[in-house]
Amino acid sequence: MSLRHLITIRDLDYREALQILDTAEAMAATQSHRVKKLPTLHGRTVVNLFFEDSTRTRISFETAAKRLSADVINFSAKGSSVSKGESLKDTALTLQAMGADAVVVRHSSSGAAHRLAHAGWMDLPVINAGDGTHQHPTQALLDAMTMRRHLKRQPGDGDPVAPGTDLAGIQVVIVGDVLHSRVARSNVDLLTLLGATVTLVAPPTLLPVGVDEWACEVDYDFDHALAQNPDAVMMLRVQRERMSPAGGGFFPSPGEYHASYGLDRQRFAALPSHTIVMHPGPMNRGLEISAEAADSPRSVVVEQVANGVSVRMAALYLLLAPEGASHE
Ligand code: ASP
């Protein structure tokens with residue numbers, strides 16, 4: 001793969017996106033073996049640089065790197081010199097000097113991953129594990145992997161390698177706090193690149209300025225969007241930690257939010273039988289998603305987590321595997 005970093009889905013063309021997804025499938029196949037570890041990145045060091053709280057994404061990247069035999073250093077901003085005021089630049093210089101081979105970064109500022117990769121402070125591949133409200137490319141890739149597995153193309157749908165055909169005909173509804181969601185942005189970019197149709201559903205207060213220019217439909221009415229029989233319904237977490245004052249002004253009350261935009265028991269029961277229910281986690285049960293929907297056999301939330309490890313193994317492999325490894 002010619003990519004040096006994985007910062008946004010927009011850096012990928014159709015072929016590169018499929019290459020990551022196909023490599024993730026190959027990685028997943030190795031994970032059913034009794035010994036899951038591959039020697040591929042033996043002797044390489046991956047640094048998880050997390051300036052924002054995260055448990056699942058950090059553990060997922062750590063697991064992925066370790067399954068490829070890399071050494072992993074977890075560098076969390078809390079309790080580090082970053083909290084004493086060290087700049088991103090000095091942190092980057094330190095990592096390079098210590099001999100890191102790749103950096104996985106999560107940061108509350110949109111653009112931080114791009115800056116780390118392109119400011120010239122260090123010469124290491126960077127994977128964006130979520131920057132502010134901007135992008136979370138490996139999340140979108142694991143979501144696409146999950147959709148590919150469940151919403152298979154029918155024979156005769158055309159040439160799967162022709163651009164934009166991989167998820168052609170698939171309708172995805174993404175619901176909730178789009179305003180603060182790097183997951184929604186990354187998914188709109190990737191799903192449309194793969195040929196799916198995306199509808200965003202949210203109250204006007206939780207939609208970003210300029211959303212009309214995104215390559216998707218926008219609907220304020222969840223029931224109207226569900227009446228189109230989507231193939232996948234992706235519920236977004238209400239990101240109260242990014243709302244100031246907490247929860248204030250974006251919706252009248254949690255109860256009203258749930259009534260209008262929650263995947264409650266009635267809406268869940270009315271979904272077409274093939275429709276899958278997705279959530280990037282962590283879930284606010286009773287707010288954006290009911291326990292009935294979250295725990296049902298049609299919920300693929302746990303599979304999303306498993307696919308996350310495979311996608312991150314694929315990304316690390318493609319960016320880091322030694323010269324000469326077959327990438328094509
Ligand atoms: N875990 C995802 C993220 O980091 C989604 C969320 O936090 O709501 O963006």
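As the structure lists them, so they are numbered: ligands from 1, and atoms in each ligand from 1. All values below come from the heavy atoms of this structure, side chains included, with hydrogens, waters and symmetry mates left out. Note that this is a predicted model, so its numbers are computed, not measured.
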- Given side chains that start at C-beta, do those of L167 and L151 come closer than 4.5 Å, heavy atoms only? no
- Message: Tell me whether the rings of H107 and F51 are parallel (<30°), tilted (30 to 60°) or perpendicular (>60°).
- Response: tilted
- ring-ring contact (aromatic ring centres under 6.0 Å, His included): which pairs involve residues 188-207, sequence neighbours left out? none
- Proximal atoms of ligand 1 relative to Q239 (non-hydrogen, under 4.0 Å): 8 (O)
- Query: If you measure from each heavy atom of Q139 to ligand 1, is any distance below 4.0 Å?
  - Reply: no
- Should the ring pair H118 and H5 be called parallel, tilted or perpendicular, given that the plane angle runs from 0 to 90° and is split at 30 and 60? perpendicular
- At a 4.0 Å cut-off, with the gap strictly under it, does some heavy atom of V183 reach an atom of ligand 1? yes
- Message: Restricting to non-hydrogen atoms, name the atom on F268 and the atom on E292 that form the minimum distance, rounded to 0.1 Å.
- Response: CE2-O, 3.9 Å
- Under a 4.5 Å cut-off applied to non-hydrogen side-chain atoms, are M243 and L206 in contact? yes
- How does R106 reach ligand 1, if at all, at less than 4.0 Å between non-hydrogen atoms: by side chain, backbone, both, or neither? side chain
- Message: Just to confirm my output: which protein heavy-atom neighbour is closest to atom 2 (C) of ligand 1, and how far is it?
- Response: G281 O, 3.7 Å
- Nearest protein heavy atom to atom 6 (C) of ligand 1, by residue and atom, and its distance? R237 NE, 3.3 Å
- Item | Which residue and heavy atom of the protein sit nearest atom 9 (O) of ligand 1, plus the separation | R182 NE, 2.8 Å
